[in-house]
There are 2 protein chains.
Amino acid sequence: MFSPENRFRDYLKKKGLKFTPERRLILKKVFSLHGHFDADKIYDEMHKKNRKLSRATIYRTFPLLVESNLVKETLRCQKRANYEPVFGYSHHDHLICINCGRVIEFRNDLIEHLQEKVCKKYRFEPLEHRLGIKGYCQKCAGKRQRR
Amino acid sequence: MFSPENRFRDYLKKKGLKFTPERRLILKKVFSLHGHFDADKIYDEMHKKNRKLSRATIYRTFPLLVESNLVKETLRCQKRANYEPVFGYSHHDHLICINCGRVIEFRNDLIEHLQEKVCKKYRFEPLEHRLGIKGYCQKCAGKRQRR
DNA sequence: TTCTAATTGAGAATCAATCGCAATTAGTAG
DNA sequence: CTACTAATTGCGATTGATTCTCAATTAGAA
Ligand SMILES: [Mn+2]
Ligand SMILES: [Mn+2]
Ligand SMILES: [Zn+2]
Ligand SMILES: [Zn+2]
């Protein structure tokens, strides 16, 4: 009963929009990747499995996935917008290696709690937040040292 | 002795680059704004004071300012890259109102400290981080309530 | 089954950012 | 001070991501 597809259907219906084969394919792909993705990733994956579908449709579908709270945009590190699934995953923040691109996900409840306190202090009503720490992962830091 | 201009001069010299009038103007403008800015902001400000200078030069200067640790890129909220001064300002994070665009700066040392602990745990060597909380500022939250 | 508003793909358009190049210039060496 | 040269500039062209336009198609309500 509670699946990304059901939530997406409900959302679309509520908005008077249609659950098309293209939207279903994009949704399936997004949730089968279990990780960060961008428009081109989805485009390539689709075409690899020779299911052609246009970039325009992909770009038009992403905002719907975000609106229905199935995925969210992540911290933009290059120039392309990047997303990750939300449905079925719990909130976390990111450590991003600027050398190899590795992304480490972490969750720290105390940090989360302190953010709430900050918001209260400023009477700010938070909707979402993004915390990204850029630097060198263990492997890449080691390599740098040895140079 | 310690001024943005001196640091910039030193940086440029070390790299064998030149301290041109254009670079000086951009630097001055950046530090006279006391806040966030993007390429167009600088471009417009310059042309308002009818000091013409090309967009290319602005785009070419920003990375130098970042490299010399005078400014840093901030969390990208729209599609343009956005920056803020670092020299002369202490580190802080942001509350961003998605209704009126207001940006509230805050600093929470405990959050900062916890981030370091997270990095240690993953043996991650942090260089910088960005934390942005999006939501409604007091004013805008109030307006929403009353609707 | 019919009907219609929503959707699609293809390519054009947009927008920020980058690039190529000829003319100019900062700043070092003499 | 002058000469030299690599760095810089502005301009326009280009790129790359994203959005838009529009004619043809289709989901899904009636
Ligand atoms: Mn968090
Ligand atoms: Mn911080
Ligand atoms: Zn790494
Ligand atoms: Zn506001």
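In what follows, chains carry the letters A, B, and so on, assigned in the order in which the sequence lines appear, proteins first and then strands, with residues in each chain numbered from 1. Keep in mind that what you see is a predicted model, and the values were worked out from it rather than measured.
- By the 4.0 Å N-to-carboxylate-O rule, Arg55(B) lies close enough to Asp40(B) to be salt-bridged with it.
- Taking every side-chain heavy atom of Arg60(B) into account, dT9(D) is the closest of dT9(D), dT28(C), dT7(C).
- Lys13(A) comes within contact range of the sugar-phosphate backbone alone, with a heavy-atom separation under 4.0 Å but no base atom that close.
- Nearest-nucleotide assignment on DNA chain C puts the 5′-proximal partner with Pro21(A), out of Pro63(B) and Pro21(A).
- Closest contact between the side chain of Arg76(B) and the listed nucleotides dT18(D), dT8(C), dA17(C) involves dA17(C).
- The distance from atom CG of Asp10(B) to atom P of dG27(C) is 13 Å, rounded to the nearest whole Å.
- Regarding Met46(B), its CE atom lies at a distance of 12 Å from the P atom of dT9(D), rounded to whole Å.
- Across the protein-nucleic acid pair, Leu53(B) atom CG and dT8(D) atom P stand 15 Å apart, rounded to whole Å.
- Between Arg9(B) and Asp40(B), the residue whose closest nucleotide on DNA chain C is further toward the 5' end is Asp40(B).
- Comparing dA6(C), dT18(C), dT25(C) by their closest approach to the side chain of Lys18(A) singles out dA6(C).
- Between Ile58(A) atom CD1 and dA10(C) atom P the separation is 12 Å, expressed in whole Å.
- Within the structure, a side-chain polar atom (N or O) of Tyr59(B) is placed less than 4.0 Å from OP1 or OP2 of dA17(C).
- Rounded to a whole Å, the NZ atom of Lys79(A) is 12 Å from the C1' atom of dC15(C).
- Considering CG of Asn82(A) and NZ of Lys72(A), their distance stands at 12.0 Å, rounded to 0.5 Å.
- The side chain of Thr20(A) sits closest to dT8(C) out of dT8(C), dT18(D), dT8(D).
- Rounded to whole Å, the distance from OH on Tyr83(A) to C1' on dT18(D) is 10 Å.
- For the pair Arg55(B) and Gly16(B), both in contact range of DNA chain D, the more 5′-proximal nearest nucleotide belongs to Gly16(B).
- With hydrogens and angles left out, the side-chain atoms of His92(A) and Glu84(A) include a donor and acceptor closer than 3.5 Å.
- Side-chain proximity of Ala56(B) to the nucleotides dG28(D), dT8(D), dG10(D) is greatest for dG10(D).
- Taking atom CD of Gln78(B) as the reference point, atom P of dA16(C) lies 11 Å away to the nearest angstrom.
- Two rings, from Tyr136(A) and Phe124(B), have their centers 6.0 Å or more apart.
- A donor atom on one side chain and an acceptor atom on the other are not found under 3.5 Å apart for His129(A) and His94(B).
- If you check dA17(C), dG28(D), dT18(D) against the side chain of Phe19(A), the one that comes closest is dG28(D).
- Lys52(A) places its NZ atom 13 Å from the C1' atom of dG9(C), with the value rounded to the nearest Å.
- In this structure, Arg23(B) reaches the dT9(D) phosphate: one of its side-chain N or O atoms is under 4.0 Å from OP1 or OP2.
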